[in-house]
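Whatever order the structure lists ligands and atoms in, that order sets their numbers, starting from 1. The model shown is predicted, which means the values in this text are computed figures rather than measured ones. All heavy atoms count here, side chains included; hydrogens, waters and symmetry mates do not.
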Amino acid sequence: MLGNVAEYINQAVHMHAKLSGNGIFTEKCQQALNNRLRTEKCLLTTSCTDALEMAALLSEIKEGDEIIMPSFTFVSTALAFVRQGATIVFADSRPDHPGIDEETIEPLITIKTKAIIPVHYAGVSCNMDKIRQLATKYNLLVIEDAAQAIDSFYKGSDNMFRPLGSIGHLGCFSFHETKNVQCGEGGLLTINDPKFAHRSEIIWEKGTNRAEFFRGEVNKYGWVDIGSSFLPSEITAAFLYAQLEHIDLIQSKRKELWETYYRLLKPLEHKGLIKLPIIPDYATNNAHMFYILCNSLKERSSLISFLKKSEIMAVFHYQSLHNSQYYQHKHDGRILEYSDLYSDQLLRLPLYYDLSLEEVSLICERLMFFYNG
Ligand SMILES: *Cc1c(COP(=O)(O)O)cnc(C)c1O
(Lines give C-alpha, C1' and ligand atoms only; values in the text may rest on other atoms or scores of the structure.)
Protein backbone atom coordinates (compact mmCIF):
# COMPACT_ATOMS: atom_id res chain seq x y z
CA MET A 1 0.00 0.00 0.00
CA LEU A 2 1.31 3.40 -1.05
CA GLY A 3 2.30 5.84 1.71
CA ASN A 4 2.35 5.73 5.52
CA VAL A 5 -1.07 4.13 5.87
CA ALA A 6 -0.18 1.77 8.74
CA GLU A 7 1.77 4.43 10.63
CA TYR A 8 -0.98 7.05 10.40
CA ILE A 9 -3.67 4.60 11.43
CA ASN A 10 -1.47 3.64 14.33
CA GLN A 11 -1.19 7.30 15.31
CA ALA A 12 -4.93 7.75 15.08
CA VAL A 13 -5.50 4.72 17.31
CA HIS A 14 -2.74 5.19 19.90
CA MET A 15 -1.75 8.84 20.06
CA HIS A 16 -4.68 11.07 19.38
CA ALA A 17 -7.17 9.46 21.75
CA LYS A 18 -10.04 10.35 19.43
CA LEU A 19 -11.18 7.76 16.95
CA SER A 20 -14.50 9.28 16.00
CA GLY A 21 -14.79 11.87 13.26
CA ASN A 22 -13.66 15.47 12.94
CA GLY A 23 -10.25 14.95 14.59
CA ILE A 24 -6.68 15.71 13.61
CA PHE A 25 -6.53 13.57 10.45
CA THR A 26 -9.91 14.82 9.25
CA GLU A 27 -8.59 18.36 9.62
CA LYS A 28 -5.34 17.48 7.78
CA CYS A 29 -7.28 15.92 4.88
CA GLN A 30 -9.67 18.85 4.63
CA GLN A 31 -6.78 21.30 4.62
CA ALA A 32 -4.79 19.35 2.03
CA LEU A 33 -7.86 19.11 -0.19
CA ASN A 34 -8.78 22.74 0.27
CA ASN A 35 -5.25 23.77 -0.73
CA ARG A 36 -5.94 22.11 -4.06
CA LEU A 37 -9.59 23.02 -4.48
CA ARG A 38 -9.60 26.50 -2.92
CA THR A 39 -13.22 26.34 -1.86
CA GLU A 40 -15.18 28.06 0.91
CA LYS A 41 -15.25 24.85 2.94
CA CYS A 42 -14.40 21.14 2.61
CA LEU A 43 -16.11 18.46 4.67
CA LEU A 44 -14.95 14.87 4.66
CA THR A 45 -17.81 12.38 4.34
CA THR A 46 -18.11 8.60 4.48
CA SER A 47 -18.78 8.45 0.71
CA CYS A 48 -19.65 10.53 -2.32
CA THR A 49 -23.17 9.15 -1.95
CA ASP A 50 -23.25 10.84 1.46
CA ALA A 51 -21.82 14.07 0.06
CA LEU A 52 -24.59 14.08 -2.58
CA GLU A 53 -27.18 13.48 0.15
CA MET A 54 -25.78 16.40 2.12
CA ALA A 55 -25.96 18.53 -1.02
CA ALA A 56 -29.61 17.55 -1.51
CA LEU A 57 -30.42 18.46 2.12
CA LEU A 58 -28.56 21.77 1.91
CA SER A 59 -30.37 22.62 -1.32
CA GLU A 60 -33.69 21.91 0.41
CA ILE A 61 -34.80 19.69 -2.43
CA LYS A 62 -38.37 18.54 -1.80
CA GLU A 63 -41.22 16.63 -3.34
CA GLY A 64 -42.21 17.98 -6.73
CA ASP A 65 -38.82 19.55 -7.49
CA GLU A 66 -37.13 18.56 -10.74
CA ILE A 67 -33.43 17.80 -11.02
CA ILE A 68 -31.59 17.56 -14.33
CA MET A 69 -28.73 15.07 -14.59
CA PRO A 70 -27.28 12.67 -17.17
CA SER A 71 -28.80 9.20 -17.41
CA PHE A 72 -25.37 7.69 -17.99
CA THR A 73 -24.09 7.89 -14.40
CA PHE A 74 -23.86 5.95 -11.16
CA VAL A 75 -27.10 5.38 -9.19
CA SER A 76 -25.95 7.60 -6.30
CA THR A 77 -26.17 10.75 -8.42
CA ALA A 78 -29.93 10.23 -8.64
CA LEU A 79 -30.51 8.54 -5.29
CA ALA A 80 -29.74 11.57 -3.13
CA PHE A 81 -32.45 13.62 -4.84
CA VAL A 82 -34.98 10.81 -5.21
CA ARG A 83 -34.80 10.32 -1.42
CA GLN A 84 -35.95 13.93 -1.04
CA GLY A 85 -38.97 13.19 -3.25
CA ALA A 86 -37.66 14.99 -6.33
CA THR A 87 -38.32 13.95 -9.92
CA ILE A 88 -35.25 13.22 -12.00
CA VAL A 89 -35.25 14.60 -15.52
CA PHE A 90 -32.59 12.65 -17.35
CA ALA A 91 -30.51 14.28 -20.08
CA ASP A 92 -28.66 12.52 -22.87
CA SER A 93 -24.89 12.13 -23.19
CA ARG A 94 -22.81 14.00 -25.75
CA PRO A 95 -22.23 12.37 -29.13
CA ASP A 96 -18.44 12.65 -28.61
CA HIS A 97 -18.27 11.99 -24.87
CA PRO A 98 -20.34 10.18 -22.20
CA GLY A 99 -20.80 13.41 -20.19
CA ILE A 100 -24.11 15.32 -20.19
CA ASP A 101 -24.94 16.96 -23.53
CA GLU A 102 -25.07 20.61 -22.46
CA GLU A 103 -27.02 21.54 -25.60
CA THR A 104 -29.99 19.39 -24.53
CA ILE A 105 -30.40 20.89 -21.04
CA GLU A 106 -32.32 24.13 -21.67
CA PRO A 107 -35.46 22.54 -23.16
CA LEU A 108 -35.69 20.32 -20.06
CA ILE A 109 -35.90 23.27 -17.67
CA THR A 110 -39.35 24.01 -16.22
CA ILE A 111 -40.73 26.16 -13.42
CA LYS A 112 -40.10 23.18 -11.09
CA THR A 113 -36.42 22.72 -11.94
CA LYS A 114 -34.18 23.31 -8.91
CA ALA A 115 -30.73 22.03 -9.87
CA ILE A 116 -28.46 20.72 -12.59
CA ILE A 117 -26.04 17.95 -11.66
CA PRO A 118 -23.10 17.81 -14.07
CA VAL A 119 -21.21 14.52 -13.69
CA HIS A 120 -17.57 14.84 -14.76
CA TYR A 121 -17.42 11.41 -16.33
CA ALA A 122 -13.95 9.81 -16.30
CA GLY A 123 -12.74 13.01 -14.62
CA VAL A 124 -13.34 14.95 -17.84
CA SER A 125 -15.08 18.25 -17.26
CA CYS A 126 -18.51 19.17 -18.55
CA ASN A 127 -18.76 22.54 -20.29
CA MET A 128 -19.19 24.50 -17.07
CA ASP A 129 -19.54 27.95 -18.66
CA LYS A 130 -22.62 26.72 -20.51
CA ILE A 131 -24.07 25.07 -17.42
CA ARG A 132 -23.40 28.07 -15.22
CA GLN A 133 -25.01 30.40 -17.76
CA LEU A 134 -28.17 28.30 -17.71
CA ALA A 135 -28.11 28.18 -13.90
CA THR A 136 -27.86 31.97 -13.72
CA LYS A 137 -30.55 32.52 -16.34
CA TYR A 138 -33.07 30.23 -14.59
CA ASN A 139 -31.84 30.66 -10.98
CA LEU A 140 -30.81 27.01 -10.53
CA LEU A 141 -28.24 25.37 -8.29
CA VAL A 142 -25.28 23.54 -9.81
CA ILE A 143 -24.11 20.52 -7.82
CA GLU A 144 -21.07 18.87 -9.38
CA ASP A 145 -20.77 15.10 -9.15
CA ALA A 146 -16.98 15.20 -9.12
CA ALA A 147 -16.69 11.63 -7.78
CA GLN A 148 -14.14 10.77 -10.47
CA ALA A 149 -12.68 14.23 -10.87
CA ILE A 150 -9.92 14.75 -8.29
CA ASP A 151 -6.97 16.68 -9.80
CA SER A 152 -8.88 17.61 -12.92
CA PHE A 153 -9.68 21.07 -14.25
CA TYR A 154 -11.99 23.12 -16.42
CA LYS A 155 -10.61 25.86 -18.61
CA GLY A 156 -13.18 28.61 -18.80
CA SER A 157 -13.68 31.09 -21.63
CA ASP A 158 -11.44 33.42 -19.56
CA ASN A 159 -8.62 30.84 -20.02
CA MET A 160 -8.44 30.22 -16.26
CA PHE A 161 -8.11 26.63 -15.07
CA ARG A 162 -10.46 25.85 -12.20
CA PRO A 163 -10.40 22.60 -10.20
CA LEU A 164 -13.48 20.47 -10.81
CA GLY A 165 -15.70 20.39 -7.75
CA SER A 166 -15.00 24.07 -7.04
CA ILE A 167 -17.15 25.55 -9.83
CA GLY A 168 -20.77 24.74 -8.92
CA HIS A 169 -22.47 25.85 -5.71
CA LEU A 170 -21.57 22.48 -4.19
CA GLY A 171 -19.29 19.62 -5.27
CA CYS A 172 -19.09 15.95 -4.32
CA PHE A 173 -16.00 13.70 -4.49
CA SER A 174 -15.46 10.01 -3.88
CA PHE A 175 -12.51 8.25 -2.25
CA HIS A 176 -13.95 4.82 -2.92
CA GLU A 177 -11.42 2.08 -3.59
CA THR A 178 -12.04 2.38 -7.34
CA LYS A 179 -11.14 6.08 -7.51
CA ASN A 180 -7.70 7.72 -8.04
CA VAL A 181 -7.23 8.60 -4.36
CA GLN A 182 -8.93 6.22 -1.99
CA CYS A 183 -9.53 5.12 1.59
CA GLY A 184 -11.82 2.14 0.98
CA GLU A 185 -15.01 4.17 1.40
CA GLY A 186 -14.86 7.94 1.67
CA GLY A 187 -15.97 11.20 0.15
CA LEU A 188 -15.90 14.97 0.33
CA LEU A 189 -18.42 17.76 0.09
CA THR A 190 -17.06 21.06 -1.20
CA ILE A 191 -19.05 24.14 -0.31
CA ASN A 192 -18.30 26.86 -2.84
CA ASP A 193 -21.22 29.16 -2.12
CA PRO A 194 -20.64 30.72 1.34
CA LYS A 195 -24.38 30.77 2.04
CA PHE A 196 -24.22 26.99 2.65
CA ALA A 197 -21.12 27.01 4.87
CA HIS A 198 -22.67 27.35 8.33
CA ARG A 199 -25.50 24.89 7.81
CA SER A 200 -23.28 22.30 6.11
CA GLU A 201 -21.34 21.73 9.31
CA ILE A 202 -24.53 21.22 11.30
CA ILE A 203 -26.03 18.74 8.85
CA TRP A 204 -22.66 16.94 8.86
CA GLU A 205 -22.66 16.66 12.69
CA LYS A 206 -26.11 15.03 13.05
CA GLY A 207 -28.06 18.26 13.22
CA THR A 208 -26.05 19.63 16.13
CA ASN A 209 -23.71 22.60 16.53
CA ARG A 210 -20.97 20.33 17.92
CA ALA A 211 -18.33 21.62 15.49
CA GLU A 212 -18.81 25.14 16.86
CA PHE A 213 -18.63 23.76 20.39
CA PHE A 214 -15.29 22.07 19.66
CA ARG A 215 -13.90 25.31 18.33
CA GLY A 216 -15.00 27.00 21.56
CA GLU A 217 -17.48 29.26 19.80
CA VAL A 218 -20.45 28.14 21.92
CA ASN A 219 -20.35 26.75 25.46
CA LYS A 220 -22.72 23.83 24.92
CA TYR A 221 -24.05 22.05 21.90
CA GLY A 222 -27.45 20.68 21.01
CA TRP A 223 -29.98 19.83 18.33
CA VAL A 224 -30.44 22.79 16.02
CA ASP A 225 -31.39 21.41 12.57
CA ILE A 226 -31.85 18.27 10.47
CA GLY A 227 -28.79 16.19 9.69
CA SER A 228 -27.23 12.76 9.84
CA SER A 229 -23.96 11.02 10.61
CA PHE A 230 -21.99 12.01 7.54
CA LEU A 231 -18.48 12.16 8.99
CA PRO A 232 -15.93 9.34 8.69
CA SER A 233 -13.86 8.05 11.60
CA GLU A 234 -10.27 9.15 12.15
CA ILE A 235 -9.07 5.71 10.99
CA THR A 236 -10.54 6.39 7.55
CA ALA A 237 -9.15 9.93 7.53
CA ALA A 238 -5.67 8.65 8.52
CA PHE A 239 -5.73 6.23 5.58
CA LEU A 240 -6.88 8.97 3.23
CA TYR A 241 -4.23 11.41 4.41
CA ALA A 242 -1.49 8.87 3.67
CA GLN A 243 -2.83 8.60 0.11
CA LEU A 244 -3.26 12.35 -0.32
CA GLU A 245 0.40 12.89 0.53
CA HIS A 246 1.22 10.91 -2.62
CA ILE A 247 -1.39 12.27 -4.97
CA ASP A 248 1.20 13.61 -7.43
CA LEU A 249 2.93 10.24 -7.63
CA ILE A 250 -0.41 8.45 -8.10
CA GLN A 251 -1.42 10.88 -10.81
CA SER A 252 1.81 10.77 -12.80
CA LYS A 253 1.72 6.96 -12.80
CA ARG A 254 -1.92 6.84 -13.87
CA LYS A 255 -1.33 9.39 -16.62
CA GLU A 256 1.59 7.36 -17.95
CA LEU A 257 -0.58 4.23 -18.06
CA TRP A 258 -3.39 6.17 -19.75
CA GLU A 259 -1.06 7.68 -22.39
CA THR A 260 0.39 4.25 -23.11
CA TYR A 261 -3.06 2.76 -23.74
CA TYR A 262 -3.90 5.69 -25.99
CA ARG A 263 -0.68 5.45 -28.04
CA LEU A 264 -0.81 1.67 -28.45
CA LEU A 265 -4.49 1.57 -29.39
CA LYS A 266 -4.40 4.52 -31.79
CA PRO A 267 -3.74 2.23 -34.82
CA LEU A 268 -6.99 0.37 -34.09
CA GLU A 269 -8.86 3.66 -34.10
CA HIS A 270 -7.16 4.69 -37.35
CA LYS A 271 -8.52 1.55 -38.95
CA GLY A 272 -12.01 2.46 -37.72
CA LEU A 273 -12.20 -0.65 -35.51
CA ILE A 274 -12.74 1.08 -32.15
CA LYS A 275 -13.11 4.59 -30.78
CA LEU A 276 -10.84 6.11 -28.13
CA PRO A 277 -11.76 8.71 -25.48
CA ILE A 278 -12.05 12.34 -26.57
CA ILE A 279 -10.96 15.08 -24.15
CA PRO A 280 -12.54 18.46 -25.12
CA ASP A 281 -10.05 21.34 -25.23
CA TYR A 282 -11.62 22.97 -22.16
CA ALA A 283 -10.99 19.84 -20.06
CA THR A 284 -7.92 18.18 -18.56
CA ASN A 285 -7.36 14.46 -18.19
CA ASN A 286 -6.85 13.08 -14.66
CA ALA A 287 -6.48 9.52 -15.97
CA HIS A 288 -9.35 8.24 -13.85
CA MET A 289 -10.45 5.79 -16.48
CA PHE A 290 -9.41 4.38 -19.82
CA TYR A 291 -12.27 3.20 -21.99
CA ILE A 292 -12.81 2.20 -25.59
CA LEU A 293 -16.02 2.17 -27.60
CA CYS A 294 -16.88 -1.07 -29.39
CA ASN A 295 -19.17 -1.14 -32.41
CA SER A 296 -21.98 -3.11 -30.81
CA LEU A 297 -23.14 -4.83 -27.63
CA LYS A 298 -22.40 -8.19 -29.25
CA GLU A 299 -18.85 -7.21 -30.14
CA ARG A 300 -18.28 -5.90 -26.61
CA SER A 301 -19.53 -9.16 -25.07
CA SER A 302 -17.21 -11.29 -27.19
CA LEU A 303 -14.29 -8.96 -26.46
CA ILE A 304 -14.94 -9.27 -22.71
CA SER A 305 -14.91 -13.10 -22.91
CA PHE A 306 -11.85 -13.04 -25.16
CA LEU A 307 -9.92 -10.87 -22.66
CA LYS A 308 -11.09 -13.01 -19.74
CA LYS A 309 -9.26 -15.99 -21.29
CA SER A 310 -6.04 -14.03 -20.77
CA GLU A 311 -7.19 -13.15 -17.23
CA ILE A 312 -7.78 -9.53 -18.24
CA MET A 313 -10.80 -8.12 -16.42
CA ALA A 314 -12.36 -5.51 -18.67
CA VAL A 315 -15.72 -4.30 -17.42
CA PHE A 316 -18.55 -2.16 -18.69
CA HIS A 317 -20.67 0.07 -16.48
CA TYR A 318 -23.68 2.33 -16.18
CA GLN A 319 -26.82 1.00 -17.67
CA SER A 320 -28.84 4.14 -18.51
CA LEU A 321 -30.72 5.11 -15.34
CA HIS A 322 -33.83 6.14 -17.30
CA ASN A 323 -34.19 2.48 -18.34
CA SER A 324 -33.50 1.05 -14.89
CA GLN A 325 -35.97 -1.25 -13.19
CA TYR A 326 -36.52 1.37 -10.49
CA TYR A 327 -36.95 4.44 -12.65
CA GLN A 328 -38.22 3.45 -16.09
CA HIS A 329 -41.90 3.87 -15.09
CA LYS A 330 -41.19 7.31 -13.66
CA HIS A 331 -39.20 8.45 -16.71
CA ASP A 332 -41.05 10.66 -19.17
CA GLY A 333 -40.45 8.36 -22.12
CA ARG A 334 -37.86 10.37 -24.03
CA ILE A 335 -35.32 8.23 -25.87
CA LEU A 336 -31.76 9.00 -24.86
CA GLU A 337 -29.80 7.67 -27.78
CA TYR A 338 -26.24 8.32 -26.69
CA SER A 339 -26.74 7.28 -23.09
CA ASP A 340 -27.95 3.90 -24.40
CA LEU A 341 -25.09 3.75 -26.88
CA TYR A 342 -22.48 4.14 -24.13
CA SER A 343 -24.38 1.62 -21.98
CA ASP A 344 -24.01 -0.95 -24.77
CA GLN A 345 -20.64 -0.14 -26.29
CA LEU A 346 -18.32 1.37 -23.69
CA LEU A 347 -15.66 -0.93 -22.23
CA ARG A 348 -13.30 0.02 -19.39
CA LEU A 349 -9.78 -1.37 -19.49
CA PRO A 350 -7.85 -2.07 -16.27
CA LEU A 351 -6.30 1.11 -14.84
CA TYR A 352 -4.98 1.23 -11.28
CA TYR A 353 -1.83 2.41 -9.53
CA ASP A 354 -0.18 -1.02 -9.27
CA LEU A 355 -0.68 -1.84 -12.95
CA SER A 356 2.59 -1.97 -14.92
CA LEU A 357 3.39 -0.59 -18.35
CA GLU A 358 4.19 -4.16 -19.45
CA GLU A 359 0.70 -5.24 -18.46
CA VAL A 360 -0.78 -2.36 -20.45
CA SER A 361 1.25 -3.46 -23.50
CA LEU A 362 0.03 -7.00 -23.07
CA ILE A 363 -3.60 -5.91 -22.81
CA CYS A 364 -3.18 -3.81 -25.99
CA GLU A 365 -1.60 -6.76 -27.79
CA ARG A 366 -4.61 -8.92 -26.95
CA LEU A 367 -6.92 -6.17 -28.23
CA MET A 368 -4.93 -5.95 -31.48
CA PHE A 369 -5.21 -9.70 -31.84
CA PHE A 370 -8.97 -9.61 -31.27
CA TYR A 371 -9.54 -6.96 -33.91
CA ASN A 372 -6.83 -7.81 -36.44
CA GLY A 373 -6.64 -11.58 -36.02
C1 LIG B 1 -18.08 6.40 -7.51
C2 LIG B 1 -19.15 7.34 -7.91
C3 LIG B 1 -20.16 7.76 -7.02
C4 LIG B 1 -20.33 7.18 -5.66
O5 LIG B 1 -19.22 7.29 -4.84
P6 LIG B 1 -19.20 6.56 -3.42
O7 LIG B 1 -18.05 7.20 -2.72
O8 LIG B 1 -18.97 5.11 -3.70
O9 LIG B 1 -20.49 6.80 -2.75
C10 LIG B 1 -21.07 8.71 -7.44
N11 LIG B 1 -21.03 9.22 -8.69
C12 LIG B 1 -20.10 8.82 -9.58
C13 LIG B 1 -20.09 9.43 -10.93
C14 LIG B 1 -19.14 7.86 -9.23
O15 LIG B 1 -18.23 7.47 -10.11
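- At most 12 non-hydrogen atoms from other residues, nucleotides or ligands lie less than 6.0 angstrom from NZ of K308.
- Expressed to the nearest 0.5 Å, how far CD of E66 lies from CG of D332 amounts to 9.0 Å.
- The closest approach between any non-hydrogen atom of K179 and ligand 1 is below 4.0 Å.
- Residue contacts with ligand 1, taken as heavy atom pairs separated by less than 4.0 Å, do not involve F173 at all.
- Ligand 1 has an N or O atom lying under 3.5 Å from an N or O atom of S174, backbone or side chain.
- Under a 4.0 Å criterion applied to the non-hydrogen atoms of S47, ligand 1 contributes the atoms 7 (O), 9 (O).
- Not a single N or O atom of E185, backbone or side chain, sits closer than 3.5 Å to an N or O atom of ligand 1.
- Residue contacts with ligand 1, taken as heavy atom pairs separated by less than 4.0 Å, involve A147 solely via side-chain atoms from C-beta onward.
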- request: Show the numbers, then the answer: is there a salt bridge (charged side-chain N to carboxylate O under 4.0 Å, His left out) between E269 and K266?
  value: CA-CA 5 Å; E269 188 180 50; K266 197 75 194 167; 2.8 Å; yes

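- In summary, the side chains of E359 and S356 do present a donor paired with an acceptor at a separation below 3.5 Å, with no hydrogens or angles considered.
- Contact annotation for D145 and ligand 1: only side-chain heavy atoms (C-beta onward) come within less than 4.0 Å of the ligand.
- A salt bridge links D151 with R36: the distance from a Lys NZ or Arg NE/NH1/NH2 to an Asp or Glu carboxylate oxygen falls below 4.0 Å.
- Under a 4.0 Å heavy-atom criterion, A51 is not in contact with ligand 1.
- The ligand atoms of ligand 1 that sit less than 4.0 angstrom from a heavy atom of F74 are 3 (C), 4 (C), 10 (C), 11 (N), 12 (C).
- Against a heavy-atom cut-off of under 4.0 Å, Y318 is close to the following atoms of ligand 1: 13 (C), 14 (C), 15 (O).
- Residue-ligand proximity, V119 to ligand 1, at heavy-atom distances under 4.0 Å covers atoms 13 (C).
- Salt-bridge check for E103 with K130: passed, with a basic side-chain N closer than 4.0 Å to an acidic carboxylate O.
- The nearest heavy-atom contact from the protein to atom 9 (O) of ligand 1 is T49 OG1, 2.5 Å.
- Inspection of the S71 and D92 side chains reveals no N or O donor paired with an N or O acceptor under 3.5 Å.
- Counting the atoms of ligand 1 from 1 in the order shown, those under 4.0 Å from a heavy atom of G186 are 7 (O).
- An N or O contact shorter than 3.5 Å is missing between S76 and ligand 1 by distance.
- Using a cutoff of 4.0 Å between basic side-chain nitrogens and carboxylate oxygens, E256 and K253 are not scored as salt-bridged.
- Remark: the Q148 side chain and the S174 side chain contain no N/O donor-acceptor pair separated by less than 3.5 Å.
- Using cut-offs of 30° and 60° for the angle between ring planes, the F213 and Y221 rings count as tilted.
- At least one N or O atom of Q148 sits closer than 3.5 Å to an N or O atom of ligand 1.
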